[in-house]
**Student:** 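Mind having a look at this structure? Questions to follow.
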2 protein chains.
Amino acid sequence: MLSYTEENYLKALLKLSFQNEDRPEAGTNEMAAYLGVKPATATDMLKKLKEKDLVTYKKYGKILLTDIGRKNGIAILRKHRLWETFLYEKLDFSWDEVHEVAEQLEHIQSAKLVDKLEEFLNFPEFDPHGDPIPKANGDMPAIAKTLLAELNAGQNCKVAAVKDTSTLFLRYLEKLKITIGTKIKVLEVIAFDGSLNIQIENEEPRSVSMKFAESLFINQLP
Amino acid sequence: MLSYTEENYLKALLKLSFQNEDRPEAGTNEMAAYLGVKPATATDMLKKLKEKDLVTYKKYGKILLTDIGRKNGIAILRKHRLWETFLYEKLDFSWDEVHEVAEQLEHIQSAKLVDKLEEFLNFPEFDPHGDPIPKANGDMPAIAKTLLAELNAGQNCKVAAVKDTSTLFLRYLEKLKITIGTKIKVLEVIAFDGSLNIQIENEEPRSVSMKFAESLFINQLP
DNA sequence: TAATAAAGTTAGATTAACCTAACAAATATA
DNA sequence: TATATTTGTTAGGTTAATCTAACTTTATTA
Ligand SMILES: [Mn+2]
Ligand SMILES: [Mn+2]
Ligand SMILES: [Mn+2]
Ligand SMILES: [Mn+2]
(Lines give C-alpha, C1' and ligand atoms only; values in the text may rest on other atoms or scores of the structure.)
(Ligands and ions follow the chains in the order given, each with its own letter.)
Protein backbone atom coordinates (compact mmCIF):
# COMPACT_ATOMS: atom_id res chain seq x y z
CA MET A 1 0.00 0.00 0.00
CA LEU A 2 1.20 3.44 -0.94
CA SER A 3 1.34 6.38 1.42
CA TYR A 4 -0.43 9.64 0.72
CA THR A 5 2.93 11.18 -0.16
CA GLU A 6 4.08 8.37 -2.43
CA GLU A 7 0.80 8.66 -4.31
CA ASN A 8 1.38 12.37 -4.83
CA TYR A 9 4.82 11.74 -6.31
CA LEU A 10 3.42 9.22 -8.78
CA LYS A 11 0.63 11.52 -9.85
CA ALA A 12 3.07 14.42 -10.21
CA LEU A 13 5.37 12.37 -12.39
CA LEU A 14 2.43 11.26 -14.52
CA LYS A 15 1.26 14.82 -15.02
CA LEU A 16 4.74 16.03 -15.84
CA SER A 17 4.97 13.25 -18.41
CA PHE A 18 1.78 14.55 -20.05
CA GLN A 19 3.26 18.03 -20.15
CA ASN A 20 6.34 16.97 -22.13
CA GLU A 21 4.78 14.35 -24.28
CA ASP A 22 7.82 13.47 -26.33
CA ARG A 23 10.03 13.41 -23.23
CA PRO A 24 8.00 11.70 -20.50
CA GLU A 25 10.75 11.78 -17.88
CA ALA A 26 11.29 14.42 -15.21
CA GLY A 27 14.17 15.75 -13.14
CA THR A 28 14.56 15.91 -9.39
CA ASN A 29 14.24 19.70 -9.17
CA GLU A 30 11.28 19.70 -11.50
CA MET A 31 9.46 17.22 -9.32
CA ALA A 32 10.42 19.01 -6.13
CA ALA A 33 9.12 22.31 -7.50
CA TYR A 34 5.90 20.70 -8.68
CA LEU A 35 5.26 19.14 -5.28
CA GLY A 36 6.39 22.12 -3.25
CA VAL A 37 9.26 20.35 -1.47
CA LYS A 38 13.03 20.80 -1.52
CA PRO A 39 15.15 18.82 -4.00
CA ALA A 40 16.81 16.90 -1.15
CA THR A 41 13.40 15.65 -0.08
CA ALA A 42 12.53 14.54 -3.58
CA THR A 43 15.83 12.66 -3.91
CA ASP A 44 15.04 10.67 -0.78
CA MET A 45 11.57 9.81 -1.96
CA LEU A 46 12.72 8.88 -5.45
CA LYS A 47 15.15 6.36 -3.99
CA LYS A 48 12.30 4.89 -2.03
CA LEU A 49 10.01 4.72 -5.05
CA LYS A 50 12.79 3.06 -6.97
CA GLU A 51 13.13 0.40 -4.24
CA LYS A 52 9.41 -0.28 -4.68
CA ASP A 53 9.81 -0.51 -8.46
CA LEU A 54 7.51 2.39 -9.13
CA VAL A 55 10.04 4.56 -10.96
CA THR A 56 13.31 4.05 -12.77
CA TYR A 57 15.95 6.27 -11.27
CA LYS A 58 19.68 6.53 -11.31
CA LYS A 59 21.91 9.06 -9.56
CA TYR A 60 21.93 12.30 -11.55
CA GLY A 61 19.60 10.72 -14.11
CA LYS A 62 16.08 11.46 -15.27
CA ILE A 63 13.06 9.81 -13.65
CA LEU A 64 10.51 7.68 -15.46
CA LEU A 65 7.46 5.80 -14.22
CA THR A 66 7.59 2.01 -14.46
CA ASP A 67 4.49 0.24 -15.75
CA ILE A 68 3.32 -0.41 -12.24
CA GLY A 69 4.10 3.14 -11.16
CA ARG A 70 2.14 4.45 -14.08
CA LYS A 71 -0.79 2.19 -13.31
CA ASN A 72 -0.87 3.54 -9.78
CA GLY A 73 -0.55 7.13 -10.95
CA ILE A 74 -3.45 6.73 -13.31
CA ALA A 75 -5.57 5.26 -10.53
CA ILE A 76 -5.01 8.41 -8.46
CA LEU A 77 -5.74 10.68 -11.39
CA ARG A 78 -8.94 8.72 -12.02
CA LYS A 79 -10.06 9.24 -8.45
CA HIS A 80 -9.10 12.91 -8.53
CA ARG A 81 -11.14 13.62 -11.63
CA LEU A 82 -14.13 11.54 -10.59
CA TRP A 83 -14.28 13.40 -7.28
CA GLU A 84 -14.00 16.74 -9.05
CA THR A 85 -16.91 15.72 -11.22
CA PHE A 86 -18.91 14.67 -8.16
CA LEU A 87 -18.29 17.95 -6.40
CA TYR A 88 -19.16 19.95 -9.48
CA GLU A 89 -22.21 18.02 -10.64
CA LYS A 90 -23.77 16.87 -7.40
CA LEU A 91 -22.67 19.32 -4.75
CA ASP A 92 -22.70 22.56 -6.74
CA PHE A 93 -19.07 23.40 -6.26
CA SER A 94 -17.75 25.82 -8.83
CA TRP A 95 -14.94 24.66 -11.08
CA ASP A 96 -12.32 26.69 -9.29
CA GLU A 97 -13.19 25.07 -5.94
CA VAL A 98 -13.14 21.39 -6.82
CA HIS A 99 -9.41 20.81 -7.18
CA GLU A 100 -8.36 21.52 -3.61
CA VAL A 101 -10.88 19.12 -2.09
CA ALA A 102 -10.25 16.45 -4.74
CA GLU A 103 -6.57 16.65 -3.78
CA GLN A 104 -7.62 15.12 -0.46
CA LEU A 105 -10.35 12.80 -1.71
CA GLU A 106 -8.08 11.17 -4.29
CA HIS A 107 -6.25 9.39 -1.46
CA ILE A 108 -9.24 7.53 -0.04
CA GLN A 109 -8.57 3.81 -0.37
CA SER A 110 -11.53 1.77 -1.53
CA ALA A 111 -11.78 0.17 -4.92
CA LYS A 112 -15.51 -0.22 -4.49
CA LEU A 113 -15.93 3.47 -3.73
CA VAL A 114 -14.30 4.64 -6.96
CA ASP A 115 -16.24 2.28 -9.14
CA LYS A 116 -19.56 3.02 -7.47
CA LEU A 117 -18.87 6.72 -7.69
CA GLU A 118 -18.19 6.44 -11.40
CA GLU A 119 -21.45 4.56 -11.86
CA PHE A 120 -23.33 7.12 -9.77
CA LEU A 121 -21.99 9.87 -12.04
CA ASN A 122 -22.99 7.92 -15.16
CA PHE A 123 -19.50 7.09 -16.37
CA PRO A 124 -18.37 10.63 -17.18
CA GLU A 125 -15.64 11.01 -19.81
CA PHE A 126 -14.32 14.39 -18.72
CA ASP A 127 -13.94 16.29 -15.49
CA PRO A 128 -15.21 19.85 -14.92
CA HIS A 129 -12.05 21.31 -16.48
CA GLY A 130 -12.44 19.15 -19.58
CA ASP A 131 -9.65 16.72 -18.65
CA PRO A 132 -10.24 13.08 -19.56
CA ILE A 133 -11.13 10.65 -16.76
CA PRO A 134 -9.24 7.34 -16.93
CA LYS A 135 -11.42 4.23 -16.94
CA ALA A 136 -11.02 1.45 -14.36
CA ASN A 137 -8.77 -0.45 -16.78
CA GLY A 138 -6.51 2.57 -17.27
CA ASP A 139 -7.81 3.63 -20.67
CA MET A 140 -8.22 7.33 -21.10
CA PRO A 141 -9.93 9.40 -23.81
CA ALA A 142 -7.50 11.48 -25.86
CA ILE A 143 -6.51 14.86 -24.50
CA ALA A 144 -7.44 17.90 -26.57
CA LYS A 145 -4.24 19.67 -27.51
CA THR A 146 -5.18 22.42 -29.94
CA LEU A 147 -5.12 25.88 -28.39
CA LEU A 148 -7.59 28.59 -29.28
CA ALA A 149 -4.51 30.64 -30.20
CA GLU A 150 -3.77 28.28 -33.09
CA LEU A 151 -6.96 29.10 -34.99
CA ASN A 152 -7.30 31.56 -37.85
CA ALA A 153 -9.98 34.12 -38.58
CA GLY A 154 -13.24 32.49 -39.64
CA GLN A 155 -12.72 29.20 -37.84
CA ASN A 156 -15.22 27.70 -35.38
CA CYS A 157 -14.55 25.58 -32.32
CA LYS A 158 -15.90 24.19 -29.09
CA VAL A 159 -14.11 24.65 -25.79
CA ALA A 160 -12.61 21.27 -24.85
CA ALA A 161 -10.56 21.93 -21.72
CA VAL A 162 -8.78 24.62 -19.75
CA LYS A 163 -5.00 24.64 -19.83
CA ASP A 164 -4.72 27.14 -17.00
CA THR A 165 -6.79 26.06 -14.00
CA SER A 166 -6.06 29.06 -11.80
CA THR A 167 -8.95 30.62 -9.97
CA LEU A 168 -8.25 33.91 -11.73
CA PHE A 169 -8.67 32.38 -15.16
CA LEU A 170 -11.64 30.19 -14.27
CA ARG A 171 -13.50 33.13 -12.74
CA TYR A 172 -12.82 35.19 -15.83
CA LEU A 173 -14.20 32.42 -18.02
CA GLU A 174 -17.36 32.36 -15.92
CA LYS A 175 -17.74 36.07 -16.39
CA LEU A 176 -17.48 35.57 -20.16
CA LYS A 177 -20.04 32.73 -19.93
CA ILE A 178 -17.50 30.26 -21.25
CA THR A 179 -17.58 26.69 -20.02
CA ILE A 180 -16.64 23.27 -21.42
CA GLY A 181 -18.61 22.82 -24.66
CA THR A 182 -19.16 26.52 -25.36
CA LYS A 183 -18.93 27.40 -29.09
CA ILE A 184 -16.51 30.10 -30.12
CA LYS A 185 -15.95 31.69 -33.52
CA VAL A 186 -12.70 33.47 -34.27
CA LEU A 187 -13.56 36.69 -36.08
CA GLU A 188 -10.16 38.29 -36.35
CA VAL A 189 -6.57 37.69 -35.33
CA ILE A 190 -4.63 40.83 -34.45
CA ALA A 191 -1.10 40.34 -35.74
CA PHE A 192 0.29 43.12 -33.56
CA ASP A 193 -0.18 41.40 -30.17
CA GLY A 194 -1.76 38.04 -30.96
CA SER A 195 -5.08 39.05 -29.45
CA LEU A 196 -8.32 37.76 -30.98
CA ASN A 197 -11.76 39.07 -31.70
CA ILE A 198 -14.14 36.24 -30.97
CA GLN A 199 -17.84 35.53 -30.76
CA ILE A 200 -18.88 33.40 -27.80
CA GLU A 201 -22.06 31.49 -28.71
CA ASN A 202 -24.44 34.25 -29.83
CA GLU A 203 -23.05 37.03 -27.69
CA GLU A 204 -21.66 40.34 -28.88
CA PRO A 205 -18.15 40.03 -30.36
CA ARG A 206 -15.31 40.84 -28.00
CA SER A 207 -11.56 40.86 -27.80
CA VAL A 208 -9.38 38.49 -25.76
CA SER A 209 -5.62 38.52 -25.21
CA MET A 210 -3.06 36.12 -26.63
CA LYS A 211 -2.43 34.86 -23.09
CA PHE A 212 -6.12 34.05 -22.90
CA ALA A 213 -6.12 32.25 -26.24
CA GLU A 214 -3.16 30.17 -25.15
CA SER A 215 -4.97 28.99 -22.03
CA LEU A 216 -7.90 27.23 -23.69
CA PHE A 217 -7.86 23.87 -25.45
CA ILE A 218 -10.49 23.55 -28.16
CA ASN A 219 -11.87 21.08 -30.67
CA GLN A 220 -12.19 22.55 -34.13
CA LEU A 221 -15.61 22.51 -35.81
CA PRO A 222 -16.14 22.26 -39.58
CA MET B 1 -5.62 22.58 12.32
CA LEU B 2 -5.79 19.10 13.76
CA SER B 3 -3.94 16.10 12.42
CA TYR B 4 -5.70 12.95 11.31
CA THR B 5 -4.52 11.28 14.51
CA GLU B 6 -5.55 14.07 16.84
CA GLU B 7 -8.99 13.97 15.30
CA ASN B 8 -9.24 10.27 15.98
CA TYR B 9 -8.40 10.76 19.63
CA LEU B 10 -11.09 13.40 20.03
CA LYS B 11 -13.71 11.26 18.35
CA ALA B 12 -12.71 8.27 20.46
CA LEU B 13 -13.01 10.25 23.65
CA LEU B 14 -16.41 11.55 22.56
CA LYS B 15 -17.69 8.06 21.84
CA LEU B 16 -16.34 6.71 25.10
CA SER B 17 -18.16 9.54 26.85
CA PHE B 18 -21.42 8.44 25.22
CA GLN B 19 -20.81 4.90 26.38
CA ASN B 20 -20.53 5.85 30.06
CA GLU B 21 -23.07 8.59 30.16
CA ASP B 22 -22.90 9.37 33.84
CA ARG B 23 -19.09 9.27 33.77
CA PRO B 24 -17.99 11.00 30.59
CA GLU B 25 -14.27 10.73 31.24
CA ALA B 26 -11.92 8.00 30.07
CA GLY B 27 -8.61 6.48 31.16
CA THR B 28 -5.36 6.21 29.23
CA ASN B 29 -5.54 2.43 28.77
CA GLU B 30 -9.18 2.64 27.75
CA MET B 31 -8.38 5.14 25.02
CA ALA B 32 -5.33 3.23 23.88
CA ALA B 33 -7.35 0.03 23.58
CA TYR B 34 -10.12 1.83 21.70
CA LEU B 35 -7.67 3.33 19.22
CA GLY B 36 -5.52 0.23 18.87
CA VAL B 37 -2.32 1.82 20.17
CA LYS B 38 -0.17 1.19 23.24
CA PRO B 39 -0.82 3.13 26.46
CA ALA B 40 2.54 4.89 26.16
CA THR B 41 1.46 6.29 22.80
CA ALA B 42 -1.81 7.53 24.21
CA THR B 43 -0.04 9.25 27.10
CA ASP B 44 2.11 11.22 24.67
CA MET B 45 -0.84 12.28 22.57
CA LEU B 46 -2.95 13.24 25.58
CA LYS B 47 -0.22 15.59 26.74
CA LYS B 48 -0.23 17.16 23.32
CA LEU B 49 -4.01 17.50 23.26
CA LYS B 50 -3.85 19.08 26.68
CA GLU B 51 -1.34 21.66 25.42
CA LYS B 52 -3.83 22.51 22.70
CA ASP B 53 -6.64 22.82 25.24
CA LEU B 54 -8.67 20.04 23.70
CA VAL B 55 -8.77 17.79 26.78
CA THR B 56 -8.29 18.18 30.49
CA TYR B 57 -5.61 15.83 31.67
CA LYS B 58 -3.45 15.39 34.72
CA LYS B 59 -0.83 12.73 35.37
CA TYR B 60 -2.56 9.53 36.48
CA GLY B 61 -5.93 11.26 36.20
CA LYS B 62 -8.99 10.72 34.03
CA ILE B 63 -9.38 12.47 30.67
CA LEU B 64 -12.25 14.76 29.74
CA LEU B 65 -12.96 16.76 26.58
CA THR B 66 -12.91 20.53 26.92
CA ASP B 67 -15.69 22.48 25.21
CA ILE B 68 -13.51 23.11 22.21
CA GLY B 69 -12.34 19.49 22.13
CA ARG B 70 -15.93 18.35 22.25
CA LYS B 71 -16.91 20.73 19.46
CA ASN B 72 -14.17 19.30 17.29
CA GLY B 73 -15.09 15.72 18.15
CA ILE B 74 -18.70 16.32 17.21
CA ALA B 75 -17.63 17.81 13.89
CA ILE B 76 -15.75 14.60 13.03
CA LEU B 77 -18.66 12.44 14.13
CA ARG B 78 -20.95 14.54 11.96
CA LYS B 79 -18.75 13.99 8.93
CA HIS B 80 -18.43 10.28 9.66
CA ARG B 81 -22.16 9.74 9.84
CA LEU B 82 -22.97 11.92 6.85
CA TRP B 83 -20.48 9.99 4.74
CA GLU B 84 -21.88 6.68 5.95
CA THR B 85 -25.31 7.87 4.89
CA PHE B 86 -23.98 8.93 1.50
CA LEU B 87 -22.33 5.58 0.89
CA TYR B 88 -25.42 3.69 1.96
CA GLU B 89 -28.06 5.78 0.23
CA LYS B 90 -26.31 6.92 -2.92
CA LEU B 91 -23.62 4.36 -3.66
CA ASP B 92 -25.40 1.18 -2.56
CA PHE B 93 -22.90 0.19 0.08
CA SER B 94 -24.31 -2.24 2.63
CA TRP B 95 -24.41 -1.15 6.23
CA ASP B 96 -21.51 -3.33 7.25
CA GLU B 97 -19.26 -1.75 4.60
CA VAL B 98 -19.78 1.95 5.23
CA HIS B 99 -17.85 2.38 8.46
CA GLU B 100 -14.39 1.55 7.18
CA VAL B 101 -14.54 4.01 4.31
CA ALA B 102 -16.18 6.72 6.44
CA GLU B 103 -13.27 6.33 8.83
CA GLN B 104 -11.13 7.83 6.07
CA LEU B 105 -13.64 10.30 4.65
CA GLU B 106 -14.33 11.88 8.05
CA HIS B 107 -10.88 13.51 7.90
CA ILE B 108 -11.42 15.46 4.68
CA GLN B 109 -11.11 19.17 5.48
CA SER B 110 -13.70 21.35 3.82
CA ALA B 111 -16.53 23.05 5.67
CA LYS B 112 -18.34 23.57 2.41
CA LEU B 113 -18.14 19.89 1.53
CA VAL B 114 -19.85 18.73 4.73
CA ASP B 115 -22.65 21.22 4.51
CA LYS B 116 -23.29 20.58 0.81
CA LEU B 117 -23.22 16.86 1.42
CA GLU B 118 -25.81 17.21 4.17
CA GLU B 119 -28.02 19.21 1.84
CA PHE B 120 -27.55 16.69 -0.96
CA LEU B 121 -28.70 13.94 1.40
CA ASN B 122 -31.72 16.00 2.47
CA PHE B 123 -30.61 16.70 6.01
CA PRO B 124 -30.75 13.15 7.33
CA GLU B 125 -31.30 12.73 11.08
CA PHE B 126 -29.79 9.28 11.43
CA ASP B 127 -27.02 7.28 9.81
CA PRO B 128 -27.47 3.75 8.38
CA HIS B 129 -26.94 2.21 11.82
CA GLY B 130 -29.58 4.47 13.39
CA ASP B 131 -27.09 6.74 15.12
CA PRO B 132 -28.01 10.44 15.24
CA ILE B 133 -26.16 12.83 12.93
CA PRO B 134 -25.03 16.05 14.63
CA LYS B 135 -26.19 19.27 12.96
CA ALA B 136 -23.74 21.95 11.80
CA ASN B 137 -24.30 23.82 15.08
CA GLY B 138 -23.49 20.72 17.13
CA ASP B 139 -27.06 19.80 18.08
CA MET B 140 -27.81 16.12 17.91
CA PRO B 141 -31.09 14.19 18.07
CA ALA B 142 -31.42 12.10 21.23
CA ILE B 143 -29.85 8.66 21.16
CA ALA B 144 -32.21 5.71 21.58
CA LYS B 145 -31.14 3.86 24.69
CA THR B 146 -33.75 1.22 25.33
CA LEU B 147 -32.61 -2.26 24.41
CA LEU B 148 -34.89 -4.88 22.92
CA ALA B 149 -33.91 -6.99 25.91
CA GLU B 150 -35.70 -4.59 28.26
CA LEU B 151 -39.15 -5.25 26.82
CA ASN B 152 -41.76 -7.63 28.21
CA ALA B 153 -44.04 -10.06 26.44
CA GLY B 154 -46.76 -8.29 24.45
CA GLN B 155 -44.85 -5.07 23.85
CA ASN B 156 -44.28 -3.55 20.40
CA CYS B 157 -41.34 -1.54 19.16
CA LYS B 158 -39.46 -0.17 16.17
CA VAL B 159 -35.78 -0.80 15.65
CA ALA B 160 -33.99 2.51 16.32
CA ALA B 161 -30.28 1.68 16.11
CA VAL B 162 -27.75 -1.11 16.36
CA LYS B 163 -25.60 -1.27 19.47
CA ASP B 164 -23.24 -3.84 17.98
CA THR B 165 -22.00 -2.76 14.54
CA SER B 166 -19.91 -5.83 13.80
CA THR B 167 -20.21 -7.34 10.35
CA LEU B 168 -21.35 -10.60 11.91
CA PHE B 169 -24.29 -8.97 13.62
CA LEU B 170 -25.26 -6.70 10.72
CA ARG B 171 -25.25 -9.60 8.28
CA TYR B 172 -27.42 -11.63 10.65
CA LEU B 173 -29.90 -8.75 10.86
CA GLU B 174 -30.06 -8.63 7.09
CA LYS B 175 -30.82 -12.31 7.00
CA LEU B 176 -33.67 -11.73 9.45
CA LYS B 177 -34.89 -8.80 7.29
CA ILE B 178 -34.35 -6.39 10.14
CA THR B 179 -33.26 -2.85 9.40
CA ILE B 180 -33.70 0.57 11.03
CA GLY B 181 -37.45 1.16 11.37
CA THR B 182 -38.49 -2.49 11.30
CA LYS B 183 -41.39 -3.28 13.67
CA ILE B 184 -40.91 -6.04 16.22
CA LYS B 185 -43.40 -7.56 18.67
CA VAL B 186 -42.14 -9.43 21.71
CA LEU B 187 -44.25 -12.56 22.05
CA GLU B 188 -42.55 -14.27 24.94
CA VAL B 189 -39.56 -13.84 27.23
CA ILE B 190 -37.84 -17.06 28.24
CA ALA B 191 -36.77 -16.65 31.87
CA PHE B 192 -34.28 -19.51 31.66
CA ASP B 193 -31.78 -17.88 29.29
CA GLY B 194 -33.19 -14.44 28.50
CA SER B 195 -33.99 -15.39 24.93
CA LEU B 196 -37.07 -13.95 23.24
CA ASN B 197 -39.74 -15.11 20.88
CA ILE B 198 -40.43 -12.23 18.56
CA GLN B 199 -42.43 -11.40 15.48
CA ILE B 200 -40.57 -9.31 12.89
CA GLU B 201 -43.11 -7.28 10.89
CA ASN B 202 -45.54 -9.91 9.63
CA GLU B 203 -43.10 -12.80 9.43
CA GLU B 204 -43.39 -16.11 11.22
CA PRO B 205 -42.49 -15.90 14.94
CA ARG B 206 -38.94 -16.86 15.81
CA SER B 207 -36.55 -17.02 18.71
CA VAL B 208 -33.53 -14.80 19.29
CA SER B 209 -30.88 -14.96 22.00
CA MET B 210 -30.38 -12.60 24.90
CA LYS B 211 -27.12 -11.44 23.32
CA PHE B 212 -29.11 -10.53 20.24
CA ALA B 213 -31.74 -8.64 22.25
CA GLU B 214 -29.01 -6.70 24.02
CA SER B 215 -27.52 -5.55 20.72
CA LEU B 216 -30.53 -3.65 19.37
CA PHE B 217 -31.76 -0.25 20.50
CA ILE B 218 -35.51 0.24 19.99
CA ASN B 219 -38.24 2.82 20.39
CA GLN B 220 -41.27 1.46 22.16
CA LEU B 221 -44.63 1.66 20.41
CA PRO B 222 -47.97 2.00 22.22
C1' DT C 1 -2.91 -2.17 56.39
C1' DA C 2 0.44 -4.46 53.71
C1' DA C 3 0.95 -6.97 49.55
C1' DT C 4 -0.54 -7.53 44.94
C1' DA C 5 -2.58 -6.14 40.74
C1' DA C 6 -3.96 -2.69 37.53
C1' DA C 7 -3.32 1.61 35.43
C1' DG C 8 -0.36 5.03 33.79
C1' DT C 9 4.29 7.29 32.83
C1' DT C 10 9.09 7.77 31.29
C1' DA C 11 13.17 6.91 28.63
C1' DG C 12 15.02 5.68 24.60
C1' DA C 13 14.30 3.86 19.67
C1' DT C 14 12.28 3.74 15.06
C1' DT C 15 10.13 5.33 10.73
C1' DA C 16 8.25 8.63 7.36
C1' DA C 17 8.54 13.00 5.59
C1' DC C 18 10.47 16.92 5.71
C1' DC C 19 14.47 20.58 6.23
C1' DT C 20 19.43 23.23 5.66
C1' DA C 21 24.11 23.42 4.43
C1' DA C 22 27.79 21.63 2.09
C1' DC C 23 29.28 19.16 -1.71
C1' DA C 24 29.52 16.75 -6.46
C1' DA C 25 28.20 16.05 -11.22
C1' DA C 26 26.50 17.57 -15.53
C1' DT C 27 25.53 21.22 -18.65
C1' DA C 28 25.97 25.65 -20.74
C1' DT C 29 28.75 29.45 -22.09
C1' DA C 30 32.59 32.55 -22.74
C1' DT D 1 38.19 23.79 -23.32
C1' DA D 2 38.08 26.00 -18.93
C1' DT D 3 34.83 28.24 -16.05
C1' DA D 4 30.45 29.30 -14.38
C1' DT D 5 25.82 27.84 -13.73
C1' DT D 6 22.45 24.56 -13.02
C1' DT D 7 21.13 20.31 -11.31
C1' DG D 8 21.23 16.79 -8.07
C1' DT D 9 23.16 14.28 -3.81
C1' DT D 10 24.78 13.62 0.93
C1' DA D 11 25.13 14.32 5.77
C1' DG D 12 23.02 15.51 9.67
C1' DG D 13 18.75 17.28 12.02
C1' DT D 14 13.65 17.90 13.22
C1' DT D 15 8.85 16.55 14.12
C1' DA D 16 4.83 13.43 14.51
C1' DA D 17 3.40 9.07 15.65
C1' DT D 18 4.47 4.92 16.96
C1' DC D 19 6.89 1.08 19.78
C1' DT D 20 9.29 -1.75 24.01
C1' DA D 21 11.04 -2.10 28.52
C1' DA D 22 11.45 -0.36 32.90
C1' DC D 23 9.41 2.22 36.33
C1' DT D 24 5.77 4.69 39.39
C1' DT D 25 1.31 5.58 41.13
C1' DT D 26 -3.25 4.20 42.34
C1' DA D 27 -6.60 0.75 43.40
C1' DT D 28 -7.91 -3.80 45.06
C1' DT D 29 -7.84 -7.46 48.15
C1' DA D 30 -6.24 -10.75 51.54
MN1 LIG E 1 -7.71 18.98 -10.28
MN1 LIG F 1 -3.01 14.57 -3.57
MN1 LIG G 1 -19.26 4.20 11.70
MN1 LIG H 1 -10.91 8.22 11.64
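The model shown is predicted, which means the values in this text are computed figures rather than measured ones. A note on names: the letters A, B, ... follow the listed sequences, proteins ahead of strands, and every chain is numbered from 1.
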**Student:** Figure out the CE/P separation between M45(A) and dT9(D), and round it to whole Å.
**Tutor:**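 Those two atoms, CE and P, are 14 Å apart.
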**Student:** Given dT10(D), dC18(C), dT20(D), identify the nucleotide with an atom nearest to the side chain of T41(A).
**Tutor:**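 So the nucleotide nearest the side chain must be dC18(C).
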**Student:** May I have the distance from L35(A) (atom CG) to dC18(C) (atom P), rounded to whole angstrom?
**Tutor:**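 Spelled out: CG on L35(A) to P on dC18(C) is 8 Å.
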**Student:** Round to the nearest Å and state the distance from E51(B) atom CD to dT15(D) atom P.
**Tutor:** 15 Å
**Student:** Which atom pairs, one a donor and one an acceptor, fall under 3.5 Å between side chains of residues 79-89 of chain A and the rest of the protein, sequence neighbours left out?
**Tutor:**
unit_1 : atom_1 : unit_2  : atom_2 : d
K79(A) : NZ     : E106(A) : O      : 3.2
K79(A) : NZ     : I108(A) : O      : 2.9
H80(A) : ND1    : E106(A) : OE1    : 2.8
H80(A) : NE2    : E84(A)  : OE2    : 2.8
H80(A) : NE2    : H99(A)  : ND1    : 3.1
R81(A) : NH1    : P132(A) : O      : 2.7
W83(A) : NE1    : L105(A) : O      : 3.4
E84(A) : OE1    : H129(A) : ND1    : 3.2
E84(A) : OE2    : H99(A)  : ND1    : 3.3
T85(A) : OG1    : R81(A)  : O      : 2.7

**Student:** List the residues meeting side-chain hydrogen bond (donor to acceptor under 3.5 Å, both in side chains) with D92(A), not counting sequence neighbours, and say none if there are none.
**Tutor:** none
**Student:** Take a 6.0 Å sphere around NZ of K211(B) and say whether it holds more than 12 heavy atoms from other residues, nucleotides or ligands.
**Tutor:** no
**Student:** Under 4.0 Å between any heavy atoms, over every strand shown, what does A42(A) touch: base, sugar-phosphate, or nothing? Just pick one.
**Tutor:** nothing
**Student:** How long is the line joining CG of D44(B) and P of dT9(C), in whole Å?
**Tutor:**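 It works out to 10 Å between those atoms.
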**Student:** Could you tell me which residues satisfy side-chain hydrogen bond (donor to acceptor under 3.5 Å, both in side chains) with K47(A), sequence neighbours excluded, listed by chain and number?
**Tutor:** none
**Student:** Between protein and nucleotides 6-8 of chain C, what N or O pairs are separated by less than 3.5 Å?
**Tutor:**
unit_1 : atom_1 : unit_2 : atom_2 : d
dG8(C) : OP2    : T28(B) : N      : 3.4
dG8(C) : OP2    : N29(B) : N      : 2.8

**Student:** Answer yes or no: does atom NZ of K38(B) have more than 12 heavy-atom neighbours from other residues, nucleotides or ligands under 6.0 Å?
**Tutor:**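 Incorrect, the count does not exceed 12.
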**Student:** Would you mind reading off the distance between M31(A) atom CE and dT9(D) atom C1', rounded to a whole angstrom?
**Tutor:**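 Computing the M31(A):CE to dT9(D):C1' distance gives 16 Å.
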**Student:** Quick one: K38(B) NZ to dT14(C) P, roughly how many Å, whole number?
**Tutor:**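 Answer to the nearest Å: 18 Å.
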**Student:** Distance under 6.0 Å and angle within 45° of the ring axis: does K145(B) meet both against F217(B)?
**Tutor:** no
**Student:** Between L46(B) (CG) and dT18(D) (P), how many Å, whole number?
**Tutor:** 12 Å
**Student:** So which atom in D96(A) and which in R171(A) form the shortest heavy-atom distance, rounded to 0.1 Å?
**Tutor:**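 Closest approach of D96(A) to R171(A), heavy atoms only: OD2-NH2, 2.8 Å.
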**Student:** Which residues satisfy the side-chain hydrogen bond (donor to acceptor under 3.5 Å, both in side chains) test with D67(A), sequence neighbours excluded?
**Tutor:**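 None.
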**Student:** Can you sort out which residues in residues 1-8 of chain A have a heavy atom within less than 4.0 Å of DNA chain C? Ascending by number, please.
**Tutor:** S3(A), T5(A)
**Student:** Relative to F120(B), does K90(B) satisfy both conditions: NZ or CZ under 6.0 angstrom from the six-membered ring centre, and within 45 degrees of the ring's axis?
**Tutor:**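 Yes, a cation-pi geometry holds between K90(B) and F120(B).
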